[in-house]
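Accompanying notes for the structure given below.
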Amino acid sequence: MPPTRGRPIALKLLALLLVPLLSLAGLWAFAASLTGVDGLRLLAINDLATNVATPSEQVNIELQAERLVSVEFLVTGRGADAVADQRRKTDRAVTTYRRLSGGMRELSPQMTAQLAALNGGLARLPDIRRELDGDVRTPLEVIARYSDIVDASFRMYDAMVLVPDMSLFRQARAVTMLGEAKEMLSRERALIAVLLDQARVGIRERAAFAEMAATRRLLYTQALSHLDGGLRGAYEEMAASPAYLEFLAAEDVIRSTSSDDGLPAAAATWPIDGQNLWAAVERNQAAAVKGITDRVTPTAVGMLVKLGVAGGAGLIVVVASVLISLRFRKRLVRELAGLRDAATELADVRLAGLVRRLRTSTEPPTADESAPLRVDTATSEIADIVHAFNEVQSTAVEAAVDQARLRHGVSQVFVNLARRNQSLLHRQLLQLDGMERATEQPEILADLFKLDHLTTRMRRHAESLIILSDQAPGRGWRNPVPIHDVIRAAVAEVEEYERVEVLQPPPVALLGSVVTDVAHLLAELVENATLFSPPQTRVDVRSSTTPHGFVIEVEDRGLGLPRTELDELNDRLVRTPEFDLAQSDRLGLFVVSRLAARHDIKVTLAVSPYGGLTARVALPSALLADQPVPAGR
């Protein structure tokens, strides 16, 4: 079937060039817009810092202070005025935060969700205070309730820190981690107040404090590893200060103190150590937040400047690419057209004819048949394609020659082995025939008959190899043989011959030259019928004459085959395909197809009335004799 005629190569090449060029222009526009969006996003971060981050940070500071005075009031019963005053400060900070953050629009879905979570936590603040005033919560529960609100603010910071500049992103993330470490320090201070009131470290308190201290140290260490020198210096100085070292010692003492032991004498200074460290941490955190905010605007301006430079250069490159592509299109069209003509001639004429000849011959190809492809081109890529075509041609020729030699070699192996087996089996049959004639004991005679039957089947398998090699079996008949004897001989070569019932055929004889092949063909079909039907069922063999010859039907009572597979098998029987070593499970069908094609016999498979299959063998009139005569060798 000829290929469908498409558009001219010039038009396709033009489309081929326009697609990447348009894609390049689109990518340039996308990159420019993306960079601009990133720059604008950095500028918008200032709004987030002013209206969300800064007021929420003030809320956290007031919540941390309220948590500390609330726990102290809960465990000592003193400081009610301080609690009331701190609650008013917290409420003012919350009011300011809600007023500023409420005006923010076009936030990301993640930022909107975290903002809602923080507002929900702040809405529960009155309930926490009522529980505290009603003395229905333990100090650890109070600390946890305040901590939940602060944690919600840090999750909001995580959603807020989406800076496109990775260096700035790491710095902002590190500052957020330092804020979380500061929150852990605030929780430790509140828990120290509980420990001092109890004058001992309980099991629950020690576990909670150990978790807080470990988290604070981990966050502090990780954050410092990401900060650059401009932001890390103050924290390094604080880490070496006496206030920090004294608090570290207090943390170690609390984590190692047993619940049965009282607090050491130095415990009286723990609140002072915490207060000193808290002042330094608050000062450093405020400076770090301001440093990050001051870096956002210059980074955004730098991005926009890069956008202008890169965008202009990219536009020049896009225009130049279009002009150069159009300039060389004509030359590429001419070279590709020459490549098309040469490749078509190679594929449709020279290579196709050579492969067809090598299917039936092992003679090496001539110089004209394997001449390389030649195309006048100045483009290295097209020259590489020509070279690749020549390599493909060489590989195809070598594969076809090797396949022809392999087919010939396999055929010769089949014939040699089959001939040897056939000779030995013929001698074995003669010897068994003599032994059968010489014995009169029923048991021995029955065993000899079984051996004779096995040998007959083995002879048929050996003849199958000869048939698959397009050779004729050595045995044959000179005179016509009655069709009844031919069918009986075929049934005798099947293992379960007892299940086969042969109905009396019409008085027709078969030419002696085709007796062996027809008997072999019928034996293969009868054996398939016995193999693919239940062992308790029988196989019927019927025959009748027709105006065009003689028909033999082999009918079983098996499970049958799906229509698609049945059509495939019938097609294989008609086309006589080349024997495929990979389909050895269909060996009988290959043999039947070869024998049918050799004598113009039509073999078809159909669904039988019993649900199994019916194999119909149509023998042409040319294979039939005028009168049935006894068979003779």
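Keep in mind that the numbers below use all heavy atoms, side chains included, and drop hydrogens, waters and symmetry copies.
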What's the shortest heavy-atom distance between Asn276 and Ala243, and which atoms?
CB-CB, 4.0 Å
Is Glu141 reaching over with its side chain to a backbone N or O of Thr138, donor-acceptor style, under 3.5 angstrom?
yes
Using side-chain heavy atoms (C-beta onward) and a distance below 4.5 Å, is Leu125 in contact with Tyr146?
yes
Cationic N near anionic O, under 4.0 Å, Arg216 to Glu251:
yes
SB check Asp91 Arg87 (cutoff 4.0 Å):
no
Side chain of Arg137, backbone of Leu132: donor and acceptor closer than 3.5 Å?
no
Which distance, rounded to the nearest 0.5 Å, do you find between the CG of Leu277 and the CD1 of Ile272?
13.0 Å
Looking at Arg255 and Ala210, what are the two nearest heavy atoms and their distance?
CD-CA, 3.7 Å
Before giving the answer on side chain to side chain contact (heavy atoms under 4.5 Å, CB included), spell out for Asp135 and Leu74 the whole-Å C-alpha distance, their side-chain angles and the decisive distance to 0.1 Å.
CA-CA 7 Å; Asp135 199 16; Leu74 183 62; 3.3 Å; yes
Salt bridge present between Glu183 and Arg67 (N-O < 4.0 angstrom):
yes
Given side chains that start at C-beta, do those of Ser153 and Val150 come closer than 4.5 Å, heavy atoms only?
yes
Whether over 12 other heavy atoms sit under 6.0 Å from Arg217 CZ:
yes
Apply side chain to side chain donor-acceptor pair (under 3.5 Å) to the pair Tyr97 and Glu57, showing each step before the final yes or no.
CA-CA 9 Å; Tyr97 160 74; Glu57 176 65 20; over 6 Å; no
Taking CG in Leu245 as the centre, count heavy atoms belonging to other residues, nucleotides or ligands within less than 6.0 Å. Is the count above 12?
yes
May I ask you to say whether Arg78 pairs ionically with Asp197, meaning some side-chain N is under 4.0 Å from a carboxylate O?
no
With side chains defined as the heavy atoms from C-beta onward, is the minimum distance between Trp278 and Leu185 less than 4.5 Å?
yes
Flag side-chain contact, heavy atom, 4.5 Å: Ile128 against Ile149
yes
What heavy-atom pair brings Leu196 and Pro271 nearest, and what distance separates the two atoms?
CD1-CG, 3.2 Å
I need the minimum non-hydrogen distance between Ala193 and Val75, along with the two atoms involved.
O-CG2, 4.1 Å
Could you give me the CA-CA distance, side-chain angles and deciding distance for Arg155 and Glu180, then say whether salt bridge (charged side-chain N to carboxylate O under 4.0 Å, His left out) is met?
CA-CA 10 Å; Arg155 300 295 74 77; Glu180 292 185 78; 3.1 Å; yes
Can you run down the ring pair (Phe, Tyr, Trp, His ring centres under 6.0 Å) pairs that involve residues 193-224, sequence neighbours left out, and say none if there aren't any?
Tyr220-Tyr244
With rounding to the nearest 0.5 angstrom, report the CD to CG distance, Glu568 to Leu561.
10.5 Å
Quick check for you: to the nearest 0.5 Å, what is the distance between Arg173 atom CZ and Leu178 atom CG?
10.5 Å
Before giving the answer on side chain to side chain contact (heavy atoms under 4.5 Å, CB included), spell out for Arg129 and Val83 the whole-Å C-alpha distance, their side-chain angles and the decisive distance to 0.1 Å.
CA-CA 10 Å; Arg129 292 171 176 173; Val83 171; over 6 Å; no
Salt-bridged, Glu205 to Arg200, with N to O below 4.0 Å?
no
Go through it in stages, so that I can follow the logic: the residues are Glu237 and Asn284, the test is side chain to side chain contact (heavy atoms under 4.5 Å, CB included), and I'd like the CA-CA distance, side-chain angles, deciding distance and then a yes or no.
CA-CA 10 Å; Glu237 292 179 3; Asn284 292 342; over 6 Å; no
Looking at Asp81, I'd like to know if its CG atom is crowded, meaning that more than 12 non-hydrogen atoms belonging to other residues, nucleotides or ligands lie closer than 6.0 Å.
no
Can you measure from NZ (Lys89) to CD (Gln58) and round to the nearest 0.5 angstrom?
10.0 Å
What distance separates Glu282 CD from Ser186 OG, expressed to the nearest 0.5 Å?
9.0 Å
Quick check for you: to the nearest 0.5 Å, what is the distance between Gln114 atom CD and Leu118 atom CG?
9.0 Å
Assess whether a salt bridge exists between Glu131 and Arg145, defined as any Lys/Arg side-chain N lying under 4.0 Å from an Asp/Glu carboxylate O.
yes
Could you tell me which non-hydrogen atom of Asp273 sits nearest to which non-hydrogen atom of Phe247, and how far apart they are?
C-CD1, 4.2 Å
Are Arg88 and Asp85 ion-paired here, with the side-chain N under 4.0 Å from a carboxylate O?
yes
In this structure, which one of Glu66, Gln64, Glu72 forms a side chain to side chain contact (heavy atoms under 4.5 Å, CB included) with Leu68?
Glu72
Kindly give the heavy-atom pair with the smallest separation between Val201 and Arg206, and that separation in Å.
CG1-CB, 3.5 Å
For Leu63 and Leu122, run side chain to side chain contact (heavy atoms under 4.5 Å, CB included): C-alpha distance rounded to whole Å, both residues' side-chain angles, the deciding distance at 0.1 Å, then the answer.
CA-CA 10 Å; Leu63 284 175; Leu122 293 175; 4.2 Å; yes
